[in-house]
Q: 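Below is a structure I'd like to ask you about.
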Amino acid sequence: MGHTLTEILDAAAEGRFPPPDGGTTVVPQENRRDAGVIAFTAHSVVFTDEDPDWVRSTLDALDCDALAATMNARFLAALLDRTGRSTDTIDLLTVAGPLRGEPPLELREMADPDHPRVRRALKRRDDVRVWSADGGVLVLGRGVAGRWETAIEVDEDVRHRGLGRELARAARHLVPDGQPVWSQQATGNARSIRAFQAAGYRPVGAESLLLAPAGR
């Protein structure tokens with residue numbers, strides 16, 4: 001497996017994962033903004049600038065299944081307290097390859113968007129671009145370790161018509177340079193999970209992203 005988070009994610013996008021040996025790999029953050037945990041099958045990656053010995057000793061002290069330790073609430077709380085960060089939820093991490101050509105969905109790029117989904121993306125991603133469709137919004141930008149990430153929003157009055165699936169699939173046409181596109185779905189958001197999987201995104205693990213305080 002790779003020695004940096006970028007290398008690990010690049011391999012995972014191609015279907016090559018860390019060994020399912022029950023281990024935990026600790027790698028440095030690739031920028032000040034992004035720290036967190038990714039749990040693959042029977043192997044976790046903690047990306048933080050904290051002392052790796054502290055990470056391992058904290059995990060060893062937990063009274064839980066070792067395979068679940070990095071996503072255990074007590075470990076995440078300890079990591080949040082030590083780093084002074086916050087978090088929202090544990091997400092399902094998914095990825096899909098690019099698709100050629102223009103997306104088969106009429107989209108309008110937004111030059112100065114003012115949408116809650118967009119404001120949230122600007123705090124967590126670089127090079128953010130936004131498109132709107134009738135009843136929906138698609139966001140694309142560089143997130144953790146520079147990977148291309150997408151997020152979508154569908155208006156309540158047009159749900160259950162397949163628009164979420166079409167927006168998620170459109171992101172695969174819009175991602176630059178033939179790169180894979182990543183997305184996170186909250187594990188309880190079954191509707192979003194179904195939409196992304198129907199658009200060809202495959203699950204690779206679980207992710208808990210630790211958010212830096214404002215101004216850091």
Side-chain angles (χ1 to χ4, degrees), residues 5-17 30-31 33-34 36 38 88-207 209:
L5 184 59
T6 292
E7 291 172 346
I8 293 168
L9 289 171
D10 286 348
E14 297 175 355
R16 296 181 287 110
F17 298 98
E30 299 208 359
N31 59 51
R33 181 189 62 200
D34 298 325
I38 301 175
D88 288 335
T89 188
I90 295 174
D91 290 312
L92 176 67
L93 181 62
T94 62
V95 67
L99 295 174
R100 293 182 178 180
E102 296 297 318
L105 176 68
E106 185 175 347
L107 296 169
R108 300 173 296 278
E109 188 161 8
M110 302 166 65
D112 186 23
D114 184 21
H115 186 282
R117 171 69 71 175
V118 178
R119 292 196 296 271
R120 182 172 179 267
L122 289 170
K123 296 178 181 178
R124 305 180 184 206
R125 299 184 179 107
D126 302 313
D127 302 327
V128 173
R129 297 178 66 186
V130 185
W131 292 263
S132 67
D134 291 337
V137 172
L138 185 161
V139 180
L140 190 65
R142 285 192 177 275
V144 173
R147 70 189 182 197
W148 284 102
E149 299 177 352
T150 190
I152 62 173
E153 187 77 26
V154 176
D155 295 344
E156 191 63 39
D157 59 353
V158 296
R159 293 187 185 274
H160 309 294
R161 302 179 188 176
L163 180 58
R165 179 186 66 245
E166 293 179 16
L167 287 168
R169 187 173 178 84
R172 300 178 62 189
H173 289 271
L174 296 168
V175 66
D177 302 325
Q179 297 293 307
V181 58
W182 296 79
S183 188
Q184 304 105 315
Q185 298 95 52
T187 54
N189 192 346
R191 185 161 53 188
S192 179
I193 291 171
R194 288 194 300 268
F196 274 90
Q197 292 193 16
Y201 292 72
R202 62 187 186 280
V204 296
E207 180 175 84
L209 185 62

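Keep in mind the model is a prediction, meaning the values are calculated, not measured.
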Q: Could you tell me the separation between the CG atom of Leu9 and the CG atom of Leu93, rounded to the nearest 0.5 Å?
A: 7.0 Å
Q: Does the side-chain contact (heavy atoms from CB on, under 4.5 Å) test come out yes or no for Leu167 and Leu107, once each step is laid out?
A: CA-CA 9 Å; Leu167 287 168; Leu107 296 169; 4.0 Å; yes
Q: Shortest non-hydrogen contact from Ala168 to Tyr201?
A: O-OH, 2.7 Å
Q: What's the verdict on salt bridge (charged side-chain N to carboxylate O under 4.0 Å, His left out) for Arg108 and Asp134, showing C-alpha distance, side-chain angles and the deciding distance?
A: CA-CA 9 Å; Arg108 300 173 296 278; Asp134 291 337; 3.4 Å; yes
Q: Would you check if the side chain of Asp127 reaches a backbone N or O of Gly141 as a donor-acceptor pair within less than 3.5 Å?
A: no
Q: Do Thr94 and Gln197 pair up side chain to side chain, a donor and an acceptor below 3.5 Å, judged on atom types alone?
A: no
Q: Can you tell me how far OG of Ser192 sits from CZ of Arg165, rounded to the nearest 0.5 angstrom?
A: 13.5 Å
Q: Check for a donor-acceptor pair, side chain of Asp177 on one end and backbone N or O of Gln179 on the other, with a separation under 3.5 Å.
A: no
Q: Check whether any side-chain heavy atom of Leu174 sits under 4.5 Å from a side-chain heavy atom of Val181, and report yes or no.
A: no
Q: Apply the test side-chain contact (heavy atoms from CB on, under 4.5 Å) to residues Val130 and Val137: give CA-CA distance (whole Å), side-chain angles for both, the deciding distance (0.1 Å), then the verdict.
A: CA-CA 7 Å; Val130 185; Val137 172; 3.7 Å; yes
Q: Could you report the tightest heavy-atom contact between Ala186 and Ile193, atom names first, then the distance?
A: O-CD1, 3.8 Å
Q: Between Arg124 and Asp88, does the salt bridge (charged side-chain N to carboxylate O under 4.0 Å, His left out) criterion hold? Intermediate values first, please.
A: CA-CA 12 Å; Arg124 305 180 184 206; Asp88 288 335; 2.5 Å; yes
Q: Look up atom CG in Leu140 and atom CD in Glu149, then write down how far apart they are to the nearest 0.5 Å.
A: 9.5 Å
Q: Which heavy-atom pair separates Leu163 from Gly136 by the least distance, and what is that distance?
A: CD2-N, 3.9 Å
Q: Nearest 0.5 angstrom please: Arg125 CZ to Arg147 CZ, how far?
A: 8.5 Å
Q: What are the two closest non-hydrogen atoms of Trp148 and Pro180, and how far apart are they?
A: CB-O, 3.8 Å
Q: Measure the OG1-CD distance between Thr150 and Gln184 for me, rounded to the nearest 0.5 Å.
A: 10.0 Å
Q: Are the side chain of Glu30 and the backbone N or O of Thr6 linked by a donor-acceptor pair below 3.5 Å?
A: yes
Q: Got a donor-acceptor contact below 3.5 angstrom from the Arg172 side chain to the Gly97 backbone?
A: yes
Q: Mind listing the closest non-hydrogen atom pair of Pro98 and Val175 along with its distance?
A: CB-CG1, 3.8 Å
Q: Are Leu105 and Trp131 close enough, and set up right, to give a side-chain contact (heavy atoms from CB on, under 4.5 Å), and what steps lead you there?
A: CA-CA 11 Å; Leu105 176 68; Trp131 292 263; over 6 Å; no
Q: Donor-acceptor check, side chain of Arg169 to backbone of Leu99, threshold 3.5 angstrom: yes or no?
A: no
Q: Does the side chain of Leu209 reach to within under 4.5 Å of the side chain of Asp91, using non-hydrogen atoms?
A: no
Q: Rounded to the nearest 0.5 Å, what's the gap from CG on Asn189 to CG on Leu92? Could you check?
A: 10.5 Å
Q: Starting from the C-alpha separation in whole Å, work towards a yes-or-no answer on side-chain contact (heavy atoms from CB on, under 4.5 Å) for Asp126 and Arg33.
A: CA-CA 11 Å; Asp126 302 313; Arg33 181 189 62 200; 3.3 Å; yes
Q: Not counting sequence neighbours, list each pair that qualifies as a salt bridge (Lys or Arg N to Asp or Glu O under 4.0 Å) and has a residue in residues 193-206.
A: none
